[in-house]
Amino acid sequence: MRIDVVSIFPEYLAPLELSLIGKARQDGLLELNVHDLRTFTTDKHRTVDDTPYGGGAGMVMKPEPWAQALESVAAARENSKPVLIVPSPAGEKFNQALAYELAEEEQLVFACGRYEGIDERVIDWAQDHFRVRPVSLGDYVLNGGEVAVLAMVEAIGRLLPGVVGNPESLVEESHSDGLLEYPVYTKPSAWRDHDVPPILLSGNHGKIAQWRRHEQFRRTAERRPDLMEGLDAGVLSRADRQAL
Ligand SMILES: Nc1cc(-c2ccc3ccn(Cc4ccccn4)c3c2)[nH]n1
């Protein structure tokens, strides 16, 4: 997979040189290019913003630098257009299902807006060159798209083949089957008057699996009742129903 990120703060994306994603880049599992939007300006002040038509506070990002930048990074392809992800408070909610969907793509382009956002005509223009997806990280307001891109690239990148050491760990984590993950423990078994649940020390793997499944349901019902409604009936085994 190739990922291109366009931002006026390219250094904001430096954490993607670290850890799992950084290693995936070094191992050639993921190509990630960060581009400074100001590279695509033509005036001596490298202007990327201007006042909003219709008035109002703040500034809006000018369209032309974005069109130049996006044209520059869109890999020429025969069959389908690359995906352009535009982080926005007004986007579809990012979740694990969308992470899996985007992990299948050959190229992802991320447009990091700042100020009050990007001139909407860029989104309209981009429809002919990209499959455009405005995406929200959650129902809160950030100052720009970079933090959202860091989160999305990590969530997507870790799903790529070979990035996570043990692919099995992707199966049992939160949201992989629509449920929150079970609690985890390690040594020492007794710690500051807090003990590890005895079942986990029993060696009875069937009972341990049953206990973990029950914990997934208990936690999901307690912390994210909204996820319980969306559970696919097929996910619920007979044992699961008993755990509810
Ligand atoms: N889940 C999300 C995503 C964002 C986000 C993404 C990109 C931009 C570019 C500018 N801003 C600031 C801003 C504030 C107010 C209204 C419009 N935009 C962004 C915010 N906030 N929360």
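Atoms within each ligand, like the ligands themselves, are counted from 1 in listed order.
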For G138, take its heavy atoms, then give the atoms of ligand 1 lying under 4.0 Å from any of them. 1 (N)
Nearest heavy atom to atom 19 (C) of ligand 1 wins, so pick from A57, G117, G91, G144. G144
Please list the nearest protein heavy atom to [atom] with its residue and the distance rounded to 0.1 Å.
| atom | result |
| --- | --- |
| atom 13 (C) of ligand 1 | Y115 O, 3.9 Å |
| atom 1 (N) of ligand 1 | L137 N, 3.0 Å |
| atom 5 (C) of ligand 1 | P89 CD, 3.6 Å |
| atom 15 (C) of ligand 1 | V141 CG1, 3.7 Å |
| atom 6 (C) of ligand 1 | P87 O, 3.4 Å |
| atom 2 (C) of ligand 1 | Y140 O, 3.6 Å |

To the nearest 0.5 Å, what is the distance between CZ (R121) and NZ (K62)? 9.5 Å
Is it the case that over 12 heavy atoms from other parts of the model lie below 6.0 angstrom from the [atom1] atom of [X]?
| X | atom1 | answer |
| --- | --- | --- |
| N143 | CG | no |
| Y12 | OH | no |
| Y53 | OH | no |
| D193 | CG | no |

From CA spacing to verdict: salt bridge (Lys or Arg N to Asp or Glu O under 4.0 Å), E101, R133: CA-CA 12 Å; E101 180 188 331; R133 305 283 291 264; 2.8 Å; yes
Would you call E222 and R218 a salt bridge, taking side-chain N to carboxylate O under 4.0 Å as the test? yes
Would you mind checking if E181 and R219 are paired as a salt bridge, meaning a charged N to carboxylate O distance below 4.0 Å? no
May I ask you to check if ligand 1 and L142 share an N or O to N or O distance below 3.5 Å? yes
Taking 4.0 Å as the limit for heavy-atom contacts, which would you say applies to S88 with ligand 1: side chain only, backbone only, both, or neither? backbone
Please state which part of N143 comes within less than 4.0 Å of ligand 1, counting heavy atoms only: side chain, backbone, both or neither. backbone
